There are 2 protein chains.
Amino acid sequence: MAGRSAAPGRSVTSRVLSLLDVFDSTSPRLSLSEISERSGTPLTTTHRLLAELADWGALVRRADGRYEIGRKLWDLGLLAPVQMELRQIAAPFMLDLHTTIRDTVHLAVREELSALYVERISGRESVPIVSQVGSRLPLHATGVGKVLLAAAPADVVDRALHSLTRQTPRTVVEPGRLQRELADVRRRGYARTSEEMSPGAASVAVPVQVERGGGTVVVAALGVVVPPHRRDLARLAPVLEVTARGIGRELARTREFR
Amino acid sequence: MAGRSAAPGRSVTSRVLSLLDVFDSTSPRLSLSEISERSGTPLTTTHRLLAELADWGALVRRADGRYEIGRKLWDLGLLAPVQMELRQIAAPFMLDLHTTIRDTVHLAVREELSALYVERISGRESVPIVSQVGSRLPLHATGVGKVLLAAAPADVVDRALHSLTRQTPRTVVEPGRLQRELADVRRRGYARTSEEMSPGAASVAVPVQVERGGGTVVVAALGVVVPPHRRDLARLAPVLEVTARGIGRELARTREFR
DNA sequence: GATCCCCTTCCGTCGAGCGGAAGTTCCAGC
DNA sequence: GCTGGAACTTCCGCTCGACGGAAGGGGATC
């Protein structure tokens with residue numbers, strides 16, 4: 001009987017994380033061997049660790065032969081101050097906005113080179129929407145992304161300009177053109193896209209700003225997704241701006257939201 | 001030096017979980033020594049494990065000398081099929097309902113002896129609301145709780161009847177009286193409470209049902225929270241029922257939602 | 001400068017995690 | 001019903017990485 005040795009890999013923690021990491025929104029349920037393969041963990045070890053995670057507090061759950069993220073992780077996740085205050089403050093404003101314009105409303109923050117969607121309100125959809133709460137989309141192909149990128153430090157913009165992936169035929173992948181667009185966004189105060197991320201969807205987005213120190217800081221972006229041929233695209237921006245200002249004002253009251 | 005021995009406690013997994021478990025909605029940020037004390041883990045070990053969790057993938061985060069649940073856990077939590085389908089299906093209906101009645105709308109499922117709130121839509125609040133998404137409240141003191149309890153198996157009702165805690169002066173803590181109320185709920189098809197969980201708030205709730213096998217199964221409860229002296233409390237029930245039926249019909253289309 | 005509190009680093013010991021081998025279950029193909 | 005294969009579960013001896021007390025900062029309060 002072998003048992004090669006103790007942890008030749010890394011710490012137990014990192015190992016457990018690599019197991020959990022294989023779950024994503026396209027495959028929320030996986031079998032033991034799938035998890036083992038994807039995470040590169042030996043089958044036996046995977047088995048033992050998952051059993052531990054399942055028994056000891058429902059971090060994962062067995063459901064008819066497959067594993068899924070458990071309720072405990074859901075609970076814990078909800079406690080993450082990740083934008084918790086931001087979301088709680090923004091939600092009522094977004095609700096009002098949605099009632100007015102009837103389209104899908106998003107709130108996103110920048111995380112590295114992605115727009116991280118932290119809140120979304122959508123009724124019955126007229127437009128195909130790819131984003132979900134928790135999903136990340138590239139900064140250069142979405143309305144909220146462009147707003148966030150326009151406000152990002154120079155080094156982030158640089159890196160983003162070097163990784164422009166084509167999402168649809170209409171995605172802007174020319175660094176020069178994107179830079180000009182970002183300048184426009186800064187000047188006008190809002191961003192627009194049309195079928196740059198997914199066909200059949202256009203968007204308008206504005207920054208959510210908070211006064212801090214001397215100047216204002218962009219802490220999030222607020223956007224709407226609409227059918228691409230709507231005439232009133234430009235009219236949406238002022239409405240969004242009012243809402244964004246409301247959120248910003250409310251955020252300024254909280255001690256800290258980052 | 002010392003180093004008593006290897007893990008004299010339990011598995012690393014359980015140990016890590018006990019660290020994460022000390023976070024709750026009232027204290028989402030804790031210092032090292034607080035976590036150590038609350039979890040009963042030696043200070044040094046706590047320190048090492050937290051460092052690992054923080055370095056190796058942002059499961060926790062250091063923020064000015066305190067620890068908080070990290071973004072990674074938020075991500076993972078969102079993948080939990082815990083009611084994911086239920087929430088996604090119910091959300092648009094709840095939104096419509098909220099637009100109509102303008103009060104806070106809740107969706108809850110029963111988890112053991114608690115009502116677990118899985119979704120909530122609230123605008124600017126006229127009423128103090130204690131529940132949040134992810135929070136658990138006792139079954140006997142809330143509208144959604146009574147609906148869920150009325151539909152629960154006999155042994156659950158029994159256990160619930162033996163643990164009636166008083167939340168406000170108006171909480172029903174007499175087993176007999178609660179049983180009569182549950183019978184009313186079953187007969188009428190909706191539940192009402194008035195200041196039984198928190199002063200200044202009343203609620204109306206109805207079951208969300210799905211046909212399965214021969215009969216119907218209550219899979220969730222839909223409720224509204226309103227000021228206690230509103231006259232139209234009884235009028236709300238039919239509106240809720242329409243929404244609940246819509247959700248139930250949509251749920252029936254999905255292969256599985258548990 | 002002394003006391004207290006909280007955090008961080010160090011390091012010798014030893015038992016808990018490791019994972020190959022073997023056993024079990026389940027199903028498809030013949 | 002038998003056989004081959006794939007997926008899951010149990011077993012268990014070896015070893016090395018986790019354990020945590022001691023000691024060393026750092027900052028506040030008296």
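These numbers come from a predicted model, not from an experiment. Sequence lines set the chain letters: A, B, ... in the order given, protein chains first and strands last, and positions in each chain run from 1.
Nucleotide D:dA7 holds its P atom 14 Å from the CD1 atom of A:Ile35, rounded to whole Å. The CZ-C1' distance, from B:Arg66 to C:dT8, rounds to 17 Å in whole Å. Going from atom CG of B:Leu32 over to atom C1' of C:dT9 covers 13 Å, rounded to whole Å. Rounded to whole Å, atom P of C:dA21 lies 14 Å from atom CG of A:Leu43. Straight-line distance from the CD atom of B:Glu52 to the C1' atom of D:dA18: 9 Å, rounded to whole Å. If you take CZ of A:Arg48 and P of C:dG17, they are 7 Å apart, rounded to a whole angstrom. As a whole-Å value, the separation of B:Leu30 CG from C:dC7 C1' is 16 Å. As a whole-Å value, the separation of A:Asp55 CG from D:dT9 C1' is 13 Å.
Salt-bridge check for B:Arg159 with B:Asp155: passed, with a basic side-chain N closer than 4.0 Å to an acidic carboxylate O.
Within the cation-pi definition used here (under 6.0 Å to the ring centroid, within 45° of the axis), A:Arg61 does not qualify as a partner of A:Tyr67.
Atom CG of A:Leu86 is separated from atom CG of A:Leu251 by 5.5 Å, given to the nearest 0.5 angstrom. Distance check: A:Leu148 CG to A:Arg110 CZ gives 7.5 Å after rounding to the nearest 0.5 Å.
Residue A:His47 places no side-chain N or O under 4.0 Å from the OP1 or OP2 atom of D:dC8. One finds a side-chain N or O of A:Arg15 lying less than 4.0 angstrom from the OP1 or OP2 phosphate oxygen of C:dG19. A sub-4.0 Å separation between OP1 or OP2 of D:dC19 and a side-chain N or O of B:Thr45 is absent.
In this structure, B:Ser33 reaches the sugar-phosphate backbone alone: every heavy-atom distance under 4.0 Å involves primed, P, OP1 or OP2 atoms, never a base. If you check every strand for non-hydrogen atoms under 4.0 Å, A:Arg62 touches sugar and phosphate atoms only.
Of the candidates C:dC6, C:dG17, D:dT9, C:dG17 carries the atom nearest the A:Val12 side chain, counting heavy atoms from C-beta on. Side-chain proximity of A:Leu49 to the nucleotides D:dC8, C:dC18, C:dG19 is greatest for C:dC18.
Mapping A:Gly65 and B:Thr41 onto DNA chain D via the closest heavy atom, the residue that lands nearer the 5' end is A:Gly65.
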- Going through the checks in order, is the side-chain contact (heavy atoms from CB on, under 4.5 Å) test met by A:Leu53 and A:Leu20? CA-CA 10 Å; A:Leu53 291 175; A:Leu20 296 178; 4.2 Å; yes
